[in-house]
Number of protein chains: 2
Amino acid sequence: MFELDVRSRKPIYEQLVERLKELIITEVLTADEQLPSVRTLAQQLTINPNTIQKAYRELESQGYIYSIKGKGSFVSEATPSRNSEKIDKVRNELSKLLSEALYLGITKNELYKLIQEIEAAIGGGIEDDQNP
Amino acid sequence: MFELDVRSRKPIYEQLVERLKELIITEVLTADEQLPSVRTLAQQLTINPNTIQKAYRELESQGYIYSIKGKGSFVSEATPSRNSEKIDKVRNELSKLLSEALYLGITKNELYKLIQEIEAAIGGGIEDDQNP
DNA sequence: TAACTGTACTAGTAATCATAGTACAATTCA
DNA sequence: TGAATTGTACTATGATTACTAGTACAGTTA
């Protein structure tokens with residue numbers, strides 16, 4: 001379920017956050033589904049529980065999961081945070097990356113196609129009012 | 001010209017890379033234009049010359065600038081690298097970010113609009129074959 | 001030659017990361 | 001109730017990386 005590269009320069013906990021976020025966004029993990037406990041997952045991945053906890057804490061602060069002491073950690077509802085601060089941040093990063101993509105020669109059409117594909121993969125849970 | 005936040009967790013050299021990349025992509029800095037020397041810029045920003053050098057080295061490895069010993073550092077031609085490896089990387093990051101954006105409720109239309117705006121800002125140097 | 005340019009190298013400090021160990025509170029279930 | 005599980009909070013330690021500082025060298029220019 002998780003492919004970790006302990007030799008990567010990218011911290012393990014970040015890899016975990018990315019991977020879990022991906023599973024949540026693509027709805028492989030669905031709302032209120034229970035995640036493995038920090039100890040269980042740590043044992044499975046043969047890494048320290050503290051590392052798992054750090055990843056879970058990060059995901060919780062970003063609104064992707066919620067944790068209840070004594071019960072466990074669970075996937076949040078879709079579009080959990082609706083945090084405008086977070087949306088602004090994503091929009092900002094997106095601007096930079098799109099600029100770079102266009103600069104490198106990736107065409108607009110390619111970008112449109114990419115968006116379509118991703119939307120299809122997510123499952124179209126978010127309806128749009130009109131196609132361009 | 002450069003607004004640096006030395007108190008940010010983001011390294012200074014990364015801030016420099018981002019800012020310079022932005023200026024190059026938006027053609028505020030044009031091809032073959034000379035950049036300030038590592039020492040001059042270091043003095044202006046009251047930071048260590050090595051930090052500037054690190055940023056310049058990074059930009060050079062990404063194909064945005066080129067440096068000549070004894071002469072200086074200069075902006076590269078547009079679409080410099082055409083490095084397919086780099087394009088793949090950007091495409092990958094873009095996928096992740098677009099997924100997150102859609103998940104957070106940013107609509108397709110908004111994304112299309114964003115692409116249009118960015119293209120306009122860049123100056124439309126890269127022509128596209130057709131609008132969607 | 002003198003003053004500039006980029007570049008390379010070492011060294012020291014600071015920050016981050018992963019781990020280990022312990023402890024505590026809340027929940028679950030036999 | 002009691003045992004096992006859950007999340008959470010600490011401290012401490014070793015390893016690695018990031019950043020800064022200083023010095024030196026090579027090429028270019030006037």
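All chains are named by letter (A, B, ...) in the order of the sequence lines, taking the proteins before the strands, and each is independently numbered beginning at 1. This one's a predicted model, so the numbers in the text were calculated from it and none came from an experiment.
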TODO: Quickly work out the B:Tyr13 OH to D:dT20 P distance and round it to whole Å.
DONE: 10 Å
Open item on the list: In whole Å, I'd like the distance from the CD atom of A:Glu14 to the C1' atom of D:dT16.
Closed with: 15 Å
Open item on the list: Measure CZ/A:Arg7 against P/D:dT16 and give the value in whole Å, please.
Closed with: 14 Å
- [ ] Could you tell me whether the side chains of B:Asn48 and B:Tyr13 share a donor-acceptor contact shorter than 3.5 Å?
- [x] no
Task: Whole-Å distance separating the CD atom of B:Gln43 from the P atom of C:dG6 - done: 13 Å
Open item on the list: Around atom CD of A:Gln43, are there more than 12 heavy atoms from other residues, nucleotides or ligands closer than 6.0 Å?
Closed with: no
TODO: Quickly work out the A:Asp5 CG to C:dC17 P distance and round it to whole Å.
DONE: 16 Å
Open item on the list: Can you confirm whether more than 12 heavy atoms, excluding those of A:Glu33, are under 6.0 Å from its CD atom?
Closed with: yes
Using the 3.5 Å cut-off, write out each protein N or O paired with an N or O of nucleotides 4-11 of chain D and the distance between them.
residue: D:dT6; atom: OP1; partner: A:Ser37; partner atom: OG; Å: 3.1
residue: D:dT6; atom: O2; partner: A:Gly70; partner atom: N; Å: 3.1
residue: D:dG7; atom: OP2; partner: A:Val38; partner atom: N; Å: 3.1
residue: D:dG7; atom: N7; partner: A:Arg39; partner atom: NH1; Å: 3.0
residue: D:dG7; atom: O6; partner: A:Arg39; partner atom: NH2; Å: 2.9
residue: D:dT8; atom: O4; partner: A:Arg39; partner atom: NH2; Å: 3.4

Task: Atom-to-atom span, NZ of A:Lys54 to P of C:dA18 - whole angstrom - done: 7 Å
Task: Distance below 4.0 Å between A:Asn48 side-chain N/O and C:dA18 OP1 or OP2 - done: no
TODO: Work out how much the helix from C:dT1-D:dA30 to C:dA30-D:dT1 bends between its end axes, five pairs an end, to the nearest 10 degrees.
DONE: 20°
- [ ] Please determine, by modelled atom types, if B:Lys21 and B:Gln62 share a side-chain donor-acceptor pair under 3.5 angstrom.
- [x] yes
TODO: Can you tell me the distance, in whole Å, between the CD atom of B:Glu58 and the P atom of C:dG6?
DONE: 17 Å
- [ ] Kindly say if A:Thr51 contacts the phosphate of C:dT19, meaning a side-chain N or O under 4.0 Å from OP1 or OP2.
- [x] yes
Open item on the list: Would you say A:Tyr64 and B:Glu100 are linked by a side-chain donor-acceptor pair, where the criterion is simply a distance under 3.5 Å?
Closed with: yes
Open item on the list: If I take atom CG in residue B:Leu41 and atom P in nucleotide C:dT7, what distance separates them, rounded to the nearest angstrom?
Closed with: 14 Å
- [ ] Would you mind reporting whether A:Ile24 and A:Ile65 have side-chain heavy atoms less than 4.5 Å apart?
- [x] yes
TODO: Output, in order, the C-alpha distance, side-chain angles, deciding distance and verdict of salt bridge (Lys or Arg N to Asp or Glu O under 4.0 Å) for B:Lys113 and B:Glu110.
DONE: CA-CA 5 Å; B:Lys113 207 169 140 193; B:Glu110 206 173 341; over 6 Å; no
Open item on the list: Are the side chains of B:Leu98 and A:Leu94 in contact, using a 4.5 Å heavy-atom criterion?
Closed with: yes
- [ ] Select base, sugar-phosphate, or nothing to describe what B:Ile47 touches, counting heavy atoms under 4.0 Å on all strands.
- [x] nothing
TODO: Decide, yes or no, whether a salt bridge links B:Glu22 with A:Lys96 under the criterion of side-chain N to carboxylate O below 4.0 Å.
DONE: no
